[in-house]
Amino acid sequence: MKNHAWLDSTIILLFIYSFFTKFHLWMPIYVLYLQQERGLSLATIGIVEGIGWVAAALAEVPAGIVADRFGRNRALMVGAFVMAPAMVLYAYTDWFPIICFLQIVWSVGGSFLSGADQALLYDYLQESGLGNFFSKAVSYQLAIMRIASALAGIIGGCLFHQGTAANKRSRGKKERISHPFLPKYLK
């Protein structure tokens, strides 16, 4: 059997999905955004993050049960559909309780993604008679996710830098560049 015989269109689609679930352009500026735009202290950001991690931990078992009972694909869809609005709304709220609520929703959504993608990969390989390639496949998947995170960090940082540089140039003009991730002092 060929070395990459297990790489078919379904696995490649799962790898593409995995890439985009970890391609977070906001990651390099997340803390700056919460500090400068939302006025949160580092301690408060830590509390928000802690609340999110506790919510994620509490949701892991129920999310796993949903994935086992209703299918891994459905769990992945639920996770994505729960996380997406929370991520968008996060950029537009100033009220601390709502920020905490959105962090909980975001974290619970993430729990539906956590592990369901690897379980889907495992199930698919088993059904295809290629279960012995799971270790190799999951290694590729994790590498793709790390690459996505690294690229998003670099690109997100560059985009933020370009946005702030453009806004500095427009300072004093009537029209200023404005977006939710731009620090207040640059608007």
Side-chain angles (χ1 to χ4, degrees), residues 1-31 33-34 45 48-91 99-159 181:
M1 184 174 279
K2 292 181 184 175
N3 198 20
H4 290 88
W6 54 272
L7 267 175
D8 65 7
S9 61
T10 301
I11 301 290
I12 291 170
L13 283 175
L14 182 61
F15 287 174
I16 292 169
Y17 170 84
S18 297
F19 179 90
F20 285 107
T21 60
K22 293 298 180 187
F23 191 73
H24 304 295
L25 292 171
W26 49 264
M27 189 56 82
I29 60 158
Y30 171 66
V31 173
Y33 171 74
L34 289 176
I45 294 168
V48 170
E49 282 290 313
I51 289 169
W53 284 107
V54 168
L58 293 174
E60 281 291 331
V61 171
I65 292 169
V66 168
D68 290 342
R69 178 140 171 101
F70 299 105
R72 279 68 153 123
N73 282 331
R74 286 195 178 128
L76 292 172
M77 285 189 285
V78 167
F81 285 118
V82 168
M83 285 177 67
M87 291 172 121
V88 171
L89 292 172
Y90 209 96
I99 291 173
C100 290
F101 172 74
L102 292 172
Q103 185 71 29
I104 291 168
V105 171
W106 187 340
S107 298
V108 168
S111 293
F112 280 87
L113 304 180
S114 169
D117 55 348
Q118 290 179 2
L120 182 66
L121 178 61
Y122 179 81
D123 291 347
Y124 179 77
L125 288 171
Q126 288 296 328
E127 290 169 9
S128 302
L130 300 167
N132 56 326
F133 287 101
F134 176 70
S135 294
K136 182 178 266 192
V138 82
S139 296
Y140 277 53
Q141 182 187 30
L142 292 172
I144 287 167
M145 293 164 82
R146 301 293 186 266
I147 290 167
S149 293
L151 288 174
I154 293 166
I155 294 168
C158 289
L159 288 173
F181 298 110

Do the side chains of [Y] and [X] get nearer than 4.5 Å, heavy atoms only?
X      : Y      : answer
Ile155 : Leu25  : yes
Val66  : Phe112 : yes
Ile11  : Leu125 : yes
Phe15  : Gln141 : yes
Glu60  : Ser114 : yes

_Heavy atoms of other groups near Phe101 CZ, more than 12 under 6.0 Å_ =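 It does not: Phe101 CZ has 12 such atoms or fewer within range.
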
*Answer yes or no: does atom OH of Tyr122 have more than 12 heavy-atom neighbours from other residues, nucleotides or ligands under 6.0 Å?*
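Counting other residues, nucleotides and ligands, OH of Tyr122 stays at 12 neighbours or fewer.
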
How many angstroms lie between [atom1] in [X] and [atom2] in [Y], if you round to the nearest 0.5 Å?
X      : Y      : atom1 : atom2 : answer
Lys22  : Leu113 : NZ    : CG    : 8.0 Å
Ser9   : Ile16  : OG    : CD1   : 10.0 Å
Met145 : Phe20  : CE    : CZ    : 13.5 Å
Leu151 : Arg146 : CG    : CZ    : 13.5 Å
Asn73  : Asp117 : CG    : CG    : 11.0 Å
Ile154 : Leu159 : CD1   : CG    : 12.0 Å

Which heavy atom of [X] sits nearest to which heavy atom of [Y], and what is that distance?
X      : Y      : result
Val82  : Pro85  : O-CD, 3.6 Å
Gly153 : Pro28  : O-CG, 3.4 Å
Val48  : Gln103 : O-CG, 3.3 Å
Leu76  : Ala116 : CD2-CB, 3.8 Å

*Derivation and outcome, side chain to side chain contact (heavy atoms under 4.5 Å, CB included), residues Leu120 and Leu14*: CA-CA 9 Å; Leu120 182 66; Leu14 182 61; 4.1 Å; yes

*Output, in order, the C-alpha distance, side-chain angles, deciding distance and verdict of side chain to side chain contact (heavy atoms under 4.5 Å, CB included) for Leu130 and Phe133.*
CA-CA 6 Å; Leu130 300 167; Phe133 287 101; 4.0 Å; yes

*Counting N and O atoms only, with roles assigned by atom type, does the side chain of Ser107 sit under 3.5 Å from a partner on the main chain of Ala56, one being a donor and the other an acceptor?*
no

*Report the C-alpha separation of Trp26 and Trp106 in whole Å, then their side-chain angles, then the decisive distance to 0.1 Å, and conclude whether the ring pair (Phe, Tyr, Trp, His ring centres under 6.0 Å) test is met.*
CA-CA 14 Å; Trp26 49 264; Trp106 187 340; 5.2 Å; yes

*Compute whether any side-chain donor of one residue and acceptor of the other, for Tyr33 and Tyr90, lie under 3.5 angstrom apart.*
no

*Can you list the steps and then say if Asp123 with Arg72 is a salt bridge (charged side-chain N to carboxylate O under 4.0 Å, His left out)?*
CA-CA 9 Å; Asp123 291 347; Arg72 279 68 153 123; 2.7 Å; yes

